[in-house]
Amino acid sequence: KHRTQDIRTMVDVLKTRGRAEATTHPRVHRPWGYYQTVDEGDRFQVKRIRVNTGARLSLQMHHHRAEHWIVVNGAASVRRGNEEFILNENESTYIPPNTLHRLENSSRVPLDLIEVQSGGYLGEDDIVRYEDNYGRG
C-alpha cells in the first residue's frame with residue numbers, strides 16, 4: 001500500500017518496452033459482451049469471447065483470416081454463409097476467409113467460446129460489417 005506511486009514507474013517501464021499492457025486493458029468490452037486475447041503469435045490469435053444472453057455480433061466477414069469457434073459454455077446460434085445451425089458445449093465450427101458469418105446467443109445463459117484466428121493479417125480493421133444491431137459501420 002505504501003508504494004502505490006511506484007505504479008507510475010512500472011507503467012513507464014512497460015511503455016518503453018512497447019508492451020500493450022501499458023495502454024490497453026486485456027478485456028475489450030463490446031455492446032454484445034467482451035473478448036480477451038489469451039495468446040497470439042506470428043499467424044494466429046486465440047481469444048476468449050463472452051456473448052451476453054440475447055445478444056449477437058454483427059453479420060460480417062474477414063478477407064485475411066479464418067476463425068475456429070469452440071463453445072465452452074452455453075449454445076451458439078451460428079450463421080456461416082447460407083447455413084444456420086446451433087453449436088452446443090464442446091462443439092466447434094470453422095469459418096473460412098471471405099465467408100459471411102454471425103454469432104448469436106439466444107439461450108438463457110452467457111455464451112462462452114474460444115476463437116482461434118489464423119491468417120496473414122489478424123487486425124480488428126479486417127472486419128467488413130453487413131448488418132449490425134449496435135450502429136457500427
Is there a donor-acceptor pair under 3.5 Å between the side chain of S107 and the backbone N or O of V109?
yes
With no hydrogens and no angle check, is any side-chain donor or acceptor of D126 less than 3.5 Å from a backbone partner on H63?
yes
What's the verdict on side-chain contact (heavy atoms from CB on, under 4.5 Å) for V78 and E84, showing C-alpha distance, side-chain angles and the deciding distance?
CA-CA 6 Å; V78 176; E84 292 188 18; over 6 Å; no
Could you state the interatomic distance from NE2 (H101) to CG (L103), rounded to the nearest 0.5 Å?
8.5 Å
Any salt bridge between E131 and R102, counting N to O under 4.0 Å?
yes
Can the positive tip of R27 be found less than 6.0 Å from the middle of the six-membered ring of Y34, inside 45° of the ring normal?
yes
Using modelled atom types only, decide if a donor and an acceptor are shared between the side chain of D112 and the backbone of V72 within a distance under 3.5 Å.
no
Considering only Ile, Leu, Val, Met, Phe, Trp and Tyr, and joining two whenever side-chain heavy atoms are under 4.5 Å apart, list the other residues clustered with L100.
L59, M61, V128, Y130
4.5 Å side-chain heavy-atom contact, I70 and L113
no
Would you call N73 and E89 a side-chain contact if the rule is heavy atoms closer than 4.5 Å?
yes
Do E124 and R129 meet the salt-bridge criterion of a basic N to acidic O distance under 4.0 Å?
no
Does CG in D125 sit with more than 12 non-hydrogen atoms of other residues, nucleotides or ligands closer than 6.0 Å?
yes
Distance in Å, T37 OG1 paired with R48 CZ, rounded so as to fall on 0.5 Å steps:
12.5 Å
Could you check whether any side-chain N or O of D132 sits under 3.5 Å from a backbone N or O of G135, counting only pairs where one atom can act as donor and the other as acceptor?
yes
Any donor-acceptor pair under 3.5 Å linking the side chain of D6 with the backbone of M10?
no
Evaluate the side-chain hydrogen bond (donor to acceptor under 3.5 Å, both in side chains) criterion for residues S106 and E104: first the C-alpha distance (whole Å), next the side-chain angles of each, then the deciding distance (0.1 Å), finally the verdict.
CA-CA 6 Å; S106 52; E104 182 173 353; 5.2 Å; no
Any chance you could lay out the side-chain contact (heavy atoms from CB on, under 4.5 Å) test for D39 and F44, step after step, and finish with the verdict?
CA-CA 8 Å; D39 194 12; F44 76 93; 3.9 Å; yes
Do E67 and R65 sit within salt-bridge range, that is, some charged N less than 4.0 Å from a carboxylate O?
yes
Just verifying a value: how many Å separate I49 CD1 and I114 CD1, rounded to the nearest 0.5 Å?
8.5 Å
CH2 of W69 to CD of E115, rounded to nearest 0.5 Å, is 7.0 Å
Distance, nearest 0.5 Å, that separates CG of L57 from CZ of R30:
10.0 Å
Any idea how H64 and Y121 line up, ring-wise: parallel (<30°), tilted (30 to 60°), or perpendicular (>60°)?
perpendicular
When rounded to the nearest 0.5 angstrom, what is the spacing between CD1 in I95 and CD in Q117?
12.0 Å
With sequence neighbours excluded, what pairs up with N133 under the side-chain hydrogen bond (donor to acceptor under 3.5 Å, both in side chains) test?
R56
